[in-house]
Amino acid sequence: MTMEKTFDAAEAEPRLYARWEREGCFRAGANARPGAEPYAIMIPPPNVTGSLHMGHALNNTLQDILIRRKRMQGFDVLWQPGQDHAGIATQMVVERALAQAGEPGRREMGREAFVERVWRQKDSSGDTIINQLKRLGASCDWSRNAFTLGRTDEDQMSRAVIRVFKQLYDEGLIYRGKRLVNWDPHFETAISDLEVENVEVEGHMWHFKYPLAGGETYDYVEKDADGNVTLRETRDYIAIATTRPETMLGDGAVAVHPSDERYAAIVGKLCEIPVGPKEHRRLIPIITDEYPDPAFGSGAVKITGAHDFNDYGVAKRGGIPCFRLMDTKAAMRADGAPYAEEVAKAKAIREGGAASEAEIDAINLVPDEYRGLDRFDCRKRVVAAITGEGLAVTGPDGAPLVENKPIMQPFGDRSKVVIEPMLTDQWFVDAATLAKPALAAVRDGRTTFHPENWSKTYFQWLENIEPWCISRQLWWGHRVPVYYGPERDGENFGFSLNSSLDAVQFKLKLFCAETEAEAIEQAKAYYGSEWQIKINRSDDKRIGISLPEDRSRNTITIARDPDVLDTWFSSALWPFSTLGWPDETPELNRYYPTSVLSTGFDIIFFWVARMMMMGLHFQKDVPFSDVYIHALVRDEQGRKMSKSLGNVIDPITLIDQYGADAVRMTLAAMASMGRDLKLDVSRVEGYRNFSTKLWNAARFCEMNGCALVPGFDPKSPREPVNRWIVGETARLREAMDAAIDAYRFNDAANAAYAHVWGVLCDWYVECAKPLLQGDDGPAKEETRATAAWALDQALILLHPIMPFVTEELYGALAPRERLLVHADWPTWTAADLADAEADADMGWAIAAIEATRSARAEMNVNPGAQIPLVAVGADAATAARLARVGPLLARLARLSSIEHADAAPKGAVTLAVQGATLCLPLAGVIDIAAEGARLEKALGKLDKERAGLEAKLANPAFVEKAKPEVVEKERARLAALAEEAGKLAAAQARLAELA
RNA sequence: GGGCGCGUAGCUCAGUGGGAGAGCACUACGUUGACAUCGUAGGGGUCGCUGGUUCAAUCCCAGCCGCGCCCA
């Protein structure tokens with residue numbers, strides 16, 4: 001068969017991948033040796049609706065390199081694939097699709113129908129990313145593909161989540177509470193603080209006067225740093241600064257720092273919020289708290305506990321009520337009683353009336369005229385009203401003081417809308433408790449980060465961890481396994497009518513249960529066997545008590561919590577849920593803890609830390625021993641690639657264009673640790689060329705009858721070239737292993753590149769040609785066998801990085817029992833195979849050839865011309881060496897003859913090499929001036945280097961203090977330089993005679 | 001404000017306490033039977049700046065300048 005001139009990646013890649021899959025090459029344990037150690041990697045599950053981006057391509061290439069090599073080494077390998085249900089992202093995709101198609105929205109559809117619709121979406125698009133990973137060559141065990149969400153609660157992946165929730169709930173590590181959370185008004189759900197992006201935007205700082213109650217006044221005094229009074233005036237107000245005037249409506253207090261003398265006189269007094277109908281203006285107290293910064297703004301801060309995280313802290317400390325102003329869409333509330341009535345309630349509370357959180361939450365302090373407005377529209381109205389009333393602080397020019405300044409504003413990372421801190425009932429994980437073992441595991445080295453630096457990020461976050469809000473007001477996800485019923489106190493219930501869970505004002509009894517049956521059991525145990533327990537599955541979530549006339553079938557209706565769990569809650573279980581937990585499976589026993597987790601740094605908080613917490617808590621062991629943090633693929637300006645920026649390079653497009661091997665090689669070569677990766681497409685092209693180079697080396701072998709010899713012993717060759725390539729191959733194997741073991745993928749890629757192109761396809765093939773095409777039968781056979789072996793070894797070593805082209809060539813090179821994907825990874829060492837004499841011969845030959853070629857080019861010798869070479873003053877060793885490598889020299893330097901002489905011929909170009917002076921007699925051809933210039937230049941370079949070395953060696957401090965081997969090395973270098981310079985100087989002298 | 005990182009050839013990037021590297025681009029030459037997705041030869045860098053440690057600094061330390069990211 002004759003090979004094509006290039007590798008047809010588009011044709012071969014799908015064919016090869018299909019064959020690997022068909023033959024089960026990627027199955028867990030495939031190619032494992034008897035008694036093999038396990039080696040497992042859990043893929044970071046991509047979003048099920050997602051598509052492959054460069055980050056995925058990089059990460060999965062690196063994982064595949066790790067996995068393929070281990071598999072070839074005979075480990076019991078598992079690469080566990082799967083996808084993430086991606087709660088918000090997926091729900092967003094479907095809602096958008098519904099809107100575009102003009103179909104009813106999710107609320108019109110109802111929960112059940114909507115979730116069914118999302119499943120259809122998942123089923124239709126879920127394979128996209130899988131197929132893209134296959135295009136990349138990822139050798140995952142697809143038969144084990146996992147998904148973070150089950151169709152039903154009985155599905156194993158869902159059982160895992162529910163079991164974890166229940167256990168943590170029973171242990172008191174999960175709890176429900178009304179807290180300030182990040183609220184996404186677009187998706188109308190809580191999100192975790194990690195899903196919030198703080199972005200600096202153009203903002204305004206308004207300054208308003210809060211008049212003191214009853215027209216009171218005080219002396220306001222400002223002093224400079226030395227205590228000199230700079231301002232003294234009588235004021236009847238306290239000035240506050242705010243970037244969010246609409247939240248003034250919910251203020252509960254004004255706070256000043258306890259050390260702030262300017263306001264000491266009015267602490268404890270009341271001031272008036274300067275907005276809303278005049279007759280109903282609310283009064284709020286002036287309190288002290290450590291939070292306000294006296295140096296910032298006026299030093300006084302308005303406290304809106306329900307809409308600001310800092311204020312929330314102040315309110316909690318100071319017993320200040322938190323009034324919620326907005327609804328789930330972040331529009332100003334329109335519920336409740338008329339403003340006047342609501343203000344009266346708030347006043348009663350301020351004056352000492354006790355009120356529950358729920359009662360306070362029910363109060364709507366939005367004036368009637370602002371109700372239902374969007375928060376930003378309301379802001380404009382509030383500003384206009386206050387300014388119109390003359391209560392804005394004025395600047396030196398008499399105009400209202402409005403500072404334009406950049407402010408940090410929180411945005412939802414998915415929705416891109418401004419996040420509203422909102423007081424809501426949510427579920428939380430006591431992350432601080434779970435974090436302790438997770439911190440310890442990294443501190444004591446049970447899990448190590450690569451590069452190690454990232455452990456700092458991990459520590460920093462876990463040491464300051466906040467409670468993790470895990471509930472989401474979404475429908476796509478694991479539903480919280482908690483059921484609510486009315487609380488019972490003896491014979492009395494907290495209420496007597498059916499009521500919706502949404503607006504519940506009474507105490508609830510919670511039943512956390514893994515199944516509905518278990519929930520009913522718990523409820524029966526709680527309420528008594530005389531009650532029928534019914535679970536309400538409808539959307540309106542009514543719970544309560546039904547008492548028929550005859551009181552014969554008294555029924556209590558309980559309802560399941562409508563919220564779902566944060567997707568990361570299920571992702572945190574990935575290292576063991578994918579292995580079958582909570583069932584006890586052989587895989588769980590075998591592969592947990594896994595070997596490596598490879599991921600981006602941006603996900604250390606989201607995922608790595610949480611897997612550590614959950615793994616340690618539920619499996620009593622770390623989920624992985626190594627965490628490799630790969631670089632982030634950025635655009636040419638160093639920005640993250642993102643759809644909204646339009647700076648995305650699609651890996652599939654690159655694969656179409658250059659082949660998967662080229663893309664993988666590029667990513668591996670650029671994946672140096674600890675640095676971001678800016679992708680340059682020209683590199684991909686270069687590695688495609690590399691693949692072609694390899695292809696053509698194989699073609700060369702084929703054309704020259706280089707067939708693999710069964711049982712070939714790499715120690716058997718006699719020819720220097722063959723002995724040399726065998727040693728080089730062993731060195732490559734060592735370099736590759738060392739690099740991959742250390743996660744230095746770029747070193748591995750570069751070593752392979754340099755070997756294949758720079759050594760195998762260059763010097764070796766060129767040097768093999770004279771032997772392959774010569775008359776020496778045994779040498780020819782030896783070279784054929786060695787060439788085939790060297791290529792074969794290169795294919796094996798390159799396979800983890802470039803699986804397709806290597807597999808194709810491996811099959812073409814010889815009939816095989818096994819595919820390359822299951823070939824034995826070599827264990828040769830350089831100590832086994834390298835031969836010092838052969839290495840020295842080849843090093844000398846290469847230097848001589850390069851020197852000759854260089855001189856020829858500079859002398860403008862016709863590239864095709866054959867010229868003689870005369871070796872002058874060769875010592876015995878060099879003469880012997882020249883005899884061994886002479887044919888190579890002749891061929892590669894295009895020499896007509898090689899002769900020895902005692903003296904240099906006249907009019908020759910002189911080359912200084914170790915152990916001899918090589919002369920190219922070019923009488924008639926030689927340009928004396930040009931050769932003079934060439935020697936001059938070479939000598940100049942040598943002299944410069946010599947001068948430096950001599951100065952160094954003349955320095956007694958160097959000779960005394962530097963390591964002896966360094967001194968020795970420098971001396972040897974100087975001697976070599978001197979020898980070379982001597983030869984060149986002699987040549988110069990000869991040239992001078994000629995002139 | 002805290003933390004991490006970067007600044008090396010025109011571009012994209014490796015690298016190391018002791019002789020500055022790769023790919024691409026560039027220049028000249030070359031169709032020698034594996035490969036023009038190639039070959040040969042070559043040009044190109046005060047390794048951001050300033051100090052310090054050291055016999056020796058592109059590398060270690062400090063400061064500065066410029067840039068990026070994360071967290072508050």
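Values below: every heavy atom of this structure, side chains too, minus hydrogens, waters and symmetry copies. Order of the sequence lines fixes the chain letters, A, B, ..., with proteins taken first and strands second; residue numbering starts at 1 for each chain.
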> Base, sugar-phosphate or nothing for Tyr687(A)? Non-hydrogen atoms, less than 4.0 Å.
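Since no nucleic acid heavy atom lies under 4.0 Å of Tyr687(A), the category is nothing.
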> If I pick the C1' atom on G48(B) and the same atom on A56(B), what distance separates them, to the nearest angstrom?
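The same atom, C1', in both gives a distance of 23 Å.
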> With a cut-off of less than 4.0 Å, is there a side-chain N or O of Lys456(A) near OP1 or OP2 of C4(B)?
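Yes, because at least one side-chain N or O of Lys456(A) sits under 4.0 Å from OP1 or OP2 of C4(B).
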> Taking salt bridge (Lys or Arg N to Asp or Glu O under 4.0 Å) as the test, write out the residues that go with Glu980(A), two or more places apart.
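Salt bridge (Lys or Arg N to Asp or Glu O under 4.0 Å) check on Glu980(A) returns nothing, list empty.
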> Tell me whether the count of non-hydrogen atoms from other residues, nucleotides or ligands lying under 6.0 Å of CD in Gln914(A) goes above 12.
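At most 12 heavy atoms, drawn from other residues, nucleotides or ligands, come within 6.0 Å of this atom.
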> Using modelled atom types only, decide if a donor and an acceptor are shared between the side chain of Ser854(A) and the backbone of Glu850(A) within a distance under 3.5 Å.
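Answer holds: no.
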> If you assign each of Trp461(A) and Arg973(A) to its closest nucleotide in RNA chain B, which residue comes earlier from the 5' end?
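Final value for this comparison: Arg973(A).
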> Stem list for RNA chain B, please, built from Watson-Crick and G-U wobble pairs under 3.5 Å and keeping only runs of at least 3.
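Stems (3+ consecutive pairs) listed as B:1-7 with B:65-71, B:10-13 with B:21-24, B:26-30 with B:38-42, B:48-52 with B:60-64.
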> Minimum heavy-atom separation for Ile801(A) and Ala668(A), please, with both atom names.
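Looking at all heavy atoms of both residues, the shortest contact is CG2-CB, 4.2 Å.
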> Can you tell me if the side-chain N/O atoms of Arg683(A) get under 4.0 Å from OP1 or OP2 in C24(B)?
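Looking at the OP1 and OP2 atoms of C24(B), neither is under 4.0 Å from any side-chain N or O of Arg683(A).
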> If you compare every side-chain N and O of Asn453(A) against the phosphate oxygens of G5(B) (OP1, OP2), does one of them come in below 4.0 Å?
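So the side-chain polar atoms of Asn453(A) do come within 4.0 Å of the phosphate oxygens OP1 or OP2 of G5(B), strictly under.
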> State, to 0.1 Å, how close Leu654(A) and Met54(A) come at their nearest heavy-atom pair, and which atoms those are.
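Distance-wise, the nearest heavy atoms are CD1-CE, 3.1 Å.
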> For the pair Lys941(A) and Glu945(A), find out whether any cationic side-chain nitrogen is under 4.0 Å from an anionic carboxylate oxygen.
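A salt bridge is absent here (no side-chain N lies under 4.0 Å from a carboxylate O).
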> Distance check needed: C4(B) C1' versus Tyr458(A) OH, whole Å only.
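After rounding, the reported distance stands at 18 Å.
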> For Leu462(A) and C70(B), give me the distance from atom CG to atom C1', rounded to whole Å.
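Rounding to the nearest Å, CG of Leu462(A) and C1' of C70(B) are 15 Å apart.
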> According to the interplanar angle, ranging from 0 to 90°, do the rings of Phe745(A) and Tyr628(A) count as parallel (below 30°), tilted (30 to 60°) or perpendicular (above 60°)?
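Rings of Phe745(A) and Tyr628(A): perpendicular, over 60°.
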> Which heavy atom in Pro421(A) sits nearest to a heavy atom in Arg244(A), and how many Å separate them?
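That would be CD-NH1, 4.1 Å.
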> When we call it a touch if two heavy atoms are under 4.0 Å apart, what does Glu970(A) touch: a base, just sugar-phosphate, or nothing?
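The answer is sugar-phosphate, as Glu970(A) gets under 4.0 Å only of primed atoms, P, OP1 or OP2.
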> Tell me whether Glu781(A) is salt-bridged to Arg784(A), with the criterion being a basic N under 4.0 Å from an acidic carboxylate O.
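Arg784(A) and Glu781(A): salt-bridged.
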> Say you pick atom P in G30(B) and the same atom in G23(B); how far apart are they, in whole Å?
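So the two P atoms sit 23 Å from each other.
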> If you look at every strand shown and take non-hydrogen atoms under 4.0 Å, does Glu960(A) touch a base, only sugar-phosphate, or nothing?
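It contacts nothing in the nucleic acid.
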> What nitrogen or oxygen pairs link the protein and nucleotides 26-32 of chain B at under 3.5 Å?
none

> Looking only at the side chain of Ser682(A) (C-beta and beyond, no hydrogens), which of the listed nucleotides C24(B), G19(B), U12(B) gets closest?
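Minimum distance to the Ser682(A) side chain belongs to C24(B).
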> Quick one: Phe459(A) CZ to C71(B) P, roughly how many Å, whole number?
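That distance rounds to 19 Å.
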> With the sugar-phosphate defined as primed atoms, P, OP1 and OP2, and the base as all remaining atoms, what B/S/- string results for nucleotides 34-40 of chain B, 5' to 3', for protein heavy atoms under 4.0 Å?
BBSBSSS
> Looking only at side-chain atoms of Lys937(A), point me to the closest of G43(B), G18(B), G3(B).
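Of all the options, the side chain of Lys937(A) is nearest to G43(B).
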> Near Glu965(A) CD, under 6.0 Å, is it more than 12 heavy atoms from other residues, nucleotides or ligands?
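Yes, the 6.0 Å shell around CD holds more than 12 heavy atoms from other groups.
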> Quickly work out the Leu942(A) CG to G19(B) P distance and round it to whole Å.
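After rounding, the gap between these two atoms is 16 Å.
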> Say we look at A62(B) and G44(B): how far apart would their C1' atoms be, to the nearest angstrom?
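Taking atom C1' in both A62(B) and G44(B), they lie 33 Å apart.
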> Using the P atom as the reference point in each nucleotide, state the distance between G5(B) and G15(B) in Å, no decimals.
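Their P atoms lie roughly 14 Å apart.
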> I need the CD-C1' distance between Glu197(A) and C71(B), as an integer number of Å.
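Atom CD in Glu197(A) sits about 14 Å away from atom C1' in C71(B).
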> With P as the reference atom in both, quote the distance from C4(B) to A20(B) in angstrom, rounded to an integer.
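Roughly 32 Å separates the two P atoms.
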> Which residue, Asp747(A) or Glu850(A), contacts RNA chain B at a nucleotide closer to its 5' end, judged by nearest heavy atom?
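Looking at the nearest nucleotide for each, Asp747(A) comes out on the 5' side.
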> List in chain and number order the residues that pass salt bridge (Lys or Arg N to Asp or Glu O under 4.0 Å) with Asp741(A), two or more places apart in sequence or in another chain; answer none if no residue qualifies.
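Only Arg69(A) meet the salt bridge (Lys or Arg N to Asp or Glu O under 4.0 Å) criterion with Asp741(A).
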> Centroid-to-centroid, Phe804(A) to Phe7(A), below 6.0 Å?
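Aromatic pair excluded; centres sit 6.0 Å or further apart.
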> C1' atom, G33(B) versus C11(B): distance in rounded Å?
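Nearest-Å result for G33(B) against C11(B) at atom C1': 37 Å.
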> Starting from P on A72(B), measure out to CZ on Phe309(A) and report it in whole angstrom.
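In whole Å, A72(B) P and Phe309(A) CZ are 11 Å from each other.
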> When rounded to the nearest Å, what value does the distance between P atoms of G1(B) and C64(B) take?
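It works out to 12 Å between them.
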> Is the ring pair Phe690(A)/Trp757(A) parallel, tilted or perpendicular, if the boundaries are 30 and 60 degrees?
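Ring orientation, 0 to 90° scale: parallel.
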> How many whole angstroms separate atom CZ of Phe601(A) from atom P of G5(B)?
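That distance rounds to 13 Å.
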> May I ask you to decide if Asn310(A)'s main-chain N or O and Asp308(A)'s side chain share a donor-acceptor pair within less than 3.5 Å?
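At least one qualifying donor-acceptor pair exists.
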> Name the pairs: protein N/O against N/O of nucleotides 55-62 of chain B, kept only if under 3.5 Å.
unit_1	atom_1	unit_2	atom_2	d
C55(B)	OP1	Lys961(A)	NZ	2.4
C55(B)	O2'	Asn955(A)	ND2	2.9

> With rounding to whole Å, what would you report as the distance between C59(B) and U8(B) at their P atoms?
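Per the computed distance, 14 Å lies between those P atoms.
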> Side chain of Asn59(A), backbone of Gly55(A): donor and acceptor closer than 3.5 Å?
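Between the backbone of Gly55(A) and the side chain of Asn59(A) there is no qualifying donor-acceptor contact (under 3.5 Å).
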> Using atom CG of Asn860(A) as one end and atom C1' of G42(B) as the other, report the distance to the nearest whole Å.
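Value for this atom pair: 12 Å.
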> If you round to the nearest 0.5 Å, how far is CD1 of Ile603(A) from CD1 of Ile629(A)?
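Taking CD1 in Ile629(A) and CD1 in Ile603(A), the distance rounds to 9.5 Å.
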